2 protein chains.
Amino acid sequence: MNTEEKIFNAARIVFQKKGFAGTRMQEIADEAGINKAMLHYCFKNKQLLFEAVFMNAFSQLAPQINAIFNSDETVFEKITRFTHSYISFVLLNPFLPPFVIQEMNNNPEFVKTFFKNKNTPDPSQLIDQIKKEIALGIIKPVNPKQLVLDIFAMTVFPFAAQMMVKGILHVSDSEFNQMMEERKTTIAEQIINSIKK
Amino acid sequence: MNTEEKIFNAARIVFQKKGFAGTRMQEIADEAGINKAMLHYCFKNKQLLFEAVFMNAFSQLAPQINAIFNSDETVFEKITRFTHSYISFVLLNPFLPPFVIQEMNNNPEFVKTFFKNKNTPDPSQLIDQIKKEIALGIIKPVNPKQLVLDIFAMTVFPFAAQMMVKGILHVSDSEFNQMMEERKTTIAEQIINSIKK
DNA sequence: TTTTAGTTTAACCATCTGGTTAATATGCGA
DNA sequence: TCGCATATTAACCAGATGGTTAAACTAAAA
């Protein structure tokens, strides 16, 4: 692993744990086991290092999601596949959703430019497909955007609000993971069941 | 409005917008229109001022939620009432959910003490009631904790991940609020529909 | 009016933080 | 081996940041 990779991984760990504002460049350097000046040598400044980490996080998720959203499967198949593979992925990267959500909420102006230029999840094709399947009588008449929001809510929320969920439901880390394993299949069944005619 | 209230309100605004780490004491002082030394005179230090704001945020939500969870209504009535009143409340305080979730994720050790001592949302009675109604054949056999999690996910997520939701679904602020108005009734119907026998 | 307790402020301080610099180390082609 | 570009570091810097202090202001009691 070269220095740039060491820095990047260290930055990912620290940024995802403490957020942009809470992160100290020195802490990243310590985590990487190198001198602080190397951070600036390799990534210019804190903002650019952060953006590299943030973009990378998003670019891990976006293609996976879009591949599912834009495939030629049915809506039901897409819902099943999305929830399953998203939860599988996030169980391996549990800090990702809170990180992305937090930094988006804290940098609203950055979000606007971000969603115009970059490779982002785009459910517009799925939304069109939902409209079609409603017209065909496969799906009950629902607001397609609300349906997409429901799918994200059911899959992403438990990870986004991890600490609060564990606190309120009084579940341990392992119980939490077990619940998420269960959700891999139950969420899709539930959503499909509530919209199929 | 006395000085302490001015500071508290200013702190609430700044903390909820920028989070604990991103907040500068000077910015709170400016927002309150007073000298920075007054912050320390009234609230000792940043941590205590933050905790005052955080506890206040939670203490606005917790009793409302618990009043519903622990009433003598049916599960279906509770779901209907919770989703409706939570969304109504949060539409007036849209910064609350991201703020609470973010700070909980960033201070895991604080969360543990917090959930032991303080007045927090507690769904344990509701969970027992769900078990009973399942036994009575009113509700399909589901994991009660998963059901509670679903309810929170459907209501809280859109606010918690506000910026991301707006970005991904390409909705404006007013469209977003309109969607939330719609959700006040639809979520409950949907959840109830998926669990009633 | 004087005293006194509580408020409020300007100025200050130690420390932290992101970032720079100049010097040194490393490795590799000639 | 030498020369040179790249990689790495220790030391440093200016500005920001949380927090302190001592003085000044205010208002009500004595």
Side-chain angles (χ1 to χ4, degrees), chain A residues 1-57 95 99 102-110 113-114, chain B residues 1-57 95 99 102-110 113-114:
Chain A
M1 188 161 57
N2 67 26
T3 304
E4 200 164 319
E5 288 171 334
K6 273 196 261 178
I7 292 173
F8 185 87
N9 286 331
R12 192 167 39 79
I13 291 168
V14 181
F15 276 132
Q16 289 187 5
K17 188 154 69 185
K18 311 219 168 172
F20 179 80
T23 290
R24 307 298 130 193
M25 295 298 268
Q26 186 59 57
E27 195 176 347
I28 296 175
D30 293 344
E31 178 78 32
I34 48 96
N35 187 287
K36 183 163 67 89
M38 281 305 288
L39 304 184
H40 299 91
Y41 180 74
C42 293
F43 289 90
K44 188 86 176 164
N45 61 37
K46 189 184 180 185
Q47 182 66 36
L48 287 176
L49 176 53
F50 173 80
E51 283 176 19
V53 169
F54 188 88
M55 294 304 177
N56 176 269
F95 287 109
F99 171 68
Q102 173 173 159
E103 298 307 329
M104 284 204 162
N105 283 329
N106 288 341
N107 304 294
E109 61 309 332
F110 172 66
T113 61
F114 177 75
Chain B
M1 188 161 55
N2 66 28
T3 304
E4 199 163 322
E5 287 170 335
K6 273 196 261 178
I7 292 174
F8 185 87
N9 286 332
R12 191 166 40 80
I13 291 167
V14 180
F15 277 131
Q16 290 186 4
K17 188 155 70 187
K18 311 220 168 171
F20 179 80
T23 291
R24 307 298 128 194
M25 294 297 269
Q26 187 59 58
E27 195 176 348
I28 295 175
D30 293 345
E31 178 77 33
I34 49 94
N35 187 285
K36 182 163 67 87
M38 280 306 287
L39 304 184
H40 297 92
Y41 179 74
C42 291
F43 289 90
K44 186 88 176 164
N45 61 36
K46 189 184 180 185
Q47 182 66 37
L48 288 175
L49 176 52
F50 173 81
E51 283 176 19
V53 170
F54 188 87
M55 295 302 178
N56 176 269
F95 287 109
F99 170 67
Q102 172 173 158
E103 298 307 330
M104 284 204 162
N105 283 329
N106 288 340
N107 304 293
E109 62 309 331
F110 172 66
T113 60
F114 178 74

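Just so you know, these numbers come straight off a predicted model, no measurement behind them. In what follows, every chain begins at residue 1, and chains take the letters A, B, ... in the order their sequences are listed. These values consider heavy atoms only, across backbone and side chains, with no hydrogens, waters or symmetry-generated copies.
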Expressed as a whole number of angstroms, how long is the span from B/L39:CG to D/dT17:C1'?
13 Å
Side-chain N,O (B/R24) to OP1/OP2 (D/dA16) below 4.0 Å:
no
Short side-chain N/O contact to D/dT8 OP1/OP2 from A/T3, under 4.0 Å
yes
Touch check for A/M25, heavy atoms < 4.0 angstrom, all strands: base, sugar-phosphate only, or nothing?
sugar-phosphate
Where is the tightest heavy-atom contact between A/A10 and A/E31, given as atom of each residue plus distance?
CB-CG, 3.5 Å
For B/D30 and C/dT9, what is the distance between atoms CG and P respectively, to the nearest whole Å?
12 Å
For the salt bridge (charged side-chain N to carboxylate O under 4.0 Å, His left out) test, which of A/K17, A/K18, A/K46 pairs with A/E27?
A/K18
For atom CE of A/M38 and atom P of D/dA11, their distance in whole Å
18 Å
Closest of D/dT9, C/dT9, C/dG18 to the A/K46 side chain is C/dG18
D/dG19 base / B/K36 side chain donor-acceptor hit below 3.5 Å
yes
Output the single nucleotide from C/dA10, C/dG18, D/dA10 whose closest atom is nearest the side chain of B/A37.
C/dA10
Rounding to a whole Å, what distance do you find between B/N45:CG and C/dA14:P?
20 Å
Take atom CD of B/Q26 and atom C1' of D/dG15, then tell me their distance rounded to the nearest Å.
14 Å
What's the closest nucleotide to the B/H40 side chain, out of D/dG19, D/dT9, C/dT9?
D/dG19
Hey, what's the ring geometry for B/F54 with B/F114, parallel, tilted or perpendicular (30° and 60° as the breaks)?
perpendicular
Where is the tightest heavy-atom contact between A/A52 and A/F43, given as atom of each residue plus distance?
CB-CE2, 4.2 Å
